[in-house]
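Remember, it's 1-based here, ligands and their atoms both numbered in the order they're listed.
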Amino acid sequence: MAIIMHVDMDSFFAAVEQRDNPELRGKPVIVGGHRDSKRGVVSTCSYEARKYGVHSAMPIAQAVKLCPHGIFIPGNHKKYAAVSRQIRSVFYEFSPVVEIVSIDEAFLDMTGCEHLYESLEDLGRAIKRRIFETVSLTASVGIGPNKFVAKLASDYRKPDGLVVVRPQEVWDWLAQFPVKKVWGIGQKTAEVLASWQVYTIADLRRCSRETLVRQFGKQGYTLYQLARGIDHSPVEPEAETKSLGRETTFAEDIAAMSKLRQVLADLTAEVGYRLRRHGLWARTITLKLRYDDFTTITRSSSLPEPVNNDDDIFHTAYKLLVDNIGQRPVRLLGVYVSQLTGFGQPSLFSDPRRERLTRLMDELNTRHGRPVLYKGRQLPSDATDR
Ligand SMILES: [Mg+2]
């Protein structure tokens, strides 16, 4: 039987700020932007701020209204990433099979290691203790027979929680949760289920597999299984990927900048999509150009923060293209990304609307197995500006 542990740091960014600045302790700390920030969103907030109804992904302006005396901090991504690396080294003391989910969250496959500990509770206490010794921060830990249960368990007694769910307890324990806690159930699915009077996992079990599949397709089958605590998804260790990219050779050499720009938009959309699918961010963007005489050049640009949004990749690559195009027609155009990392916090530094749009596009493109939504720059233009 598998033993999976999910570790989730408690209000990570805010906790780091409170750790490093004793004046902030016990106060409502809101990380994500200055209080007059027009576009900022709450990235993390301390538990003191949550009492006022502040939560992550909320616009800063709204958080100011709910919690006017809150302490608003733009955030220091470099520092959080450094702390995250320290925590990651603790994970590897416990298991070689670690899936980094985000900057403050990971799954550890502990299968076969349980005999090293008196009990699973002991294992959970041990990792919480090591994390606290290393970074002076608390984590919540969930242990269960699979990732789905472990993740629900770590969330169950936050902050500083430890919840162990044994295989024989899974059925009864899961029954209480609202369906929204099930992976893959978003607003729309929840609405359909609510129209069937299905609100909890216990309710969800009353739906037959056929009904769920008829309504939700392949996802319906997953819901059927998760409602029963069945989840075979493996803990996937960090990607070995060092770089990824896409290039295309033209049937005829291209000189028109408008056409090259459009192809570049397609290439970057695909590279961005693949990055996000792998949960990766990239710090270096590389443009590859082969001219009509077969001379090939690559030009790179490294960014201050890792990115995985199409816009960031495109604008960086496009600048490289403009700077290096010269006067010759192009035979091959490629975009590569490297210096990959599993860390990045999109909501901290970028526009939340853009992040939502990207997620929506990714979802649709994944569901259709091919790109069905495009950005304007990917569409052909009649202009021949060069
Ligand atoms: Mg967390």
Establish, for the pair Arg130 and Phe132, whether the NZ or CZ atom is under 6.0 angstrom from the six-membered ring centre and no further than 45 degrees off its axis.
no

Cation-pi check for Trp171 against Arg205: NZ or CZ below 6.0 Å from the six-membered ring centre and within 45 degrees of the axis, yes or no?
yes

ring-ring contact (aromatic ring centres under 6.0 Å, His included) against Phe148, all qualifying residues, sequence neighbours excluded
Trp183

Keeping to distances under 2.8 Å, can you name the protein N/O/S atoms close to the Mg ion (ligand 1)?
Asp8 OD1, Met9 O, Asp104 OD2

What class does the angle between the rings of Trp196 and Phe216 fall in, given that below 30° is parallel, 30 to 60° is tilted and above 60° is perpendicular?
tilted

Pairs touching residues 177-196 that satisfy salt bridge (Lys or Arg N to Asp or Glu O under 4.0 Å), sequence neighbours left out
Asp155-Lys181

Give me the other members of the hydrophobic cluster that Tyr336 sits in, counting Ile, Leu, Val, Met, Phe, Trp and Tyr linked by side-chain heavy atoms under 4.5 Å, directly or via other members.
none

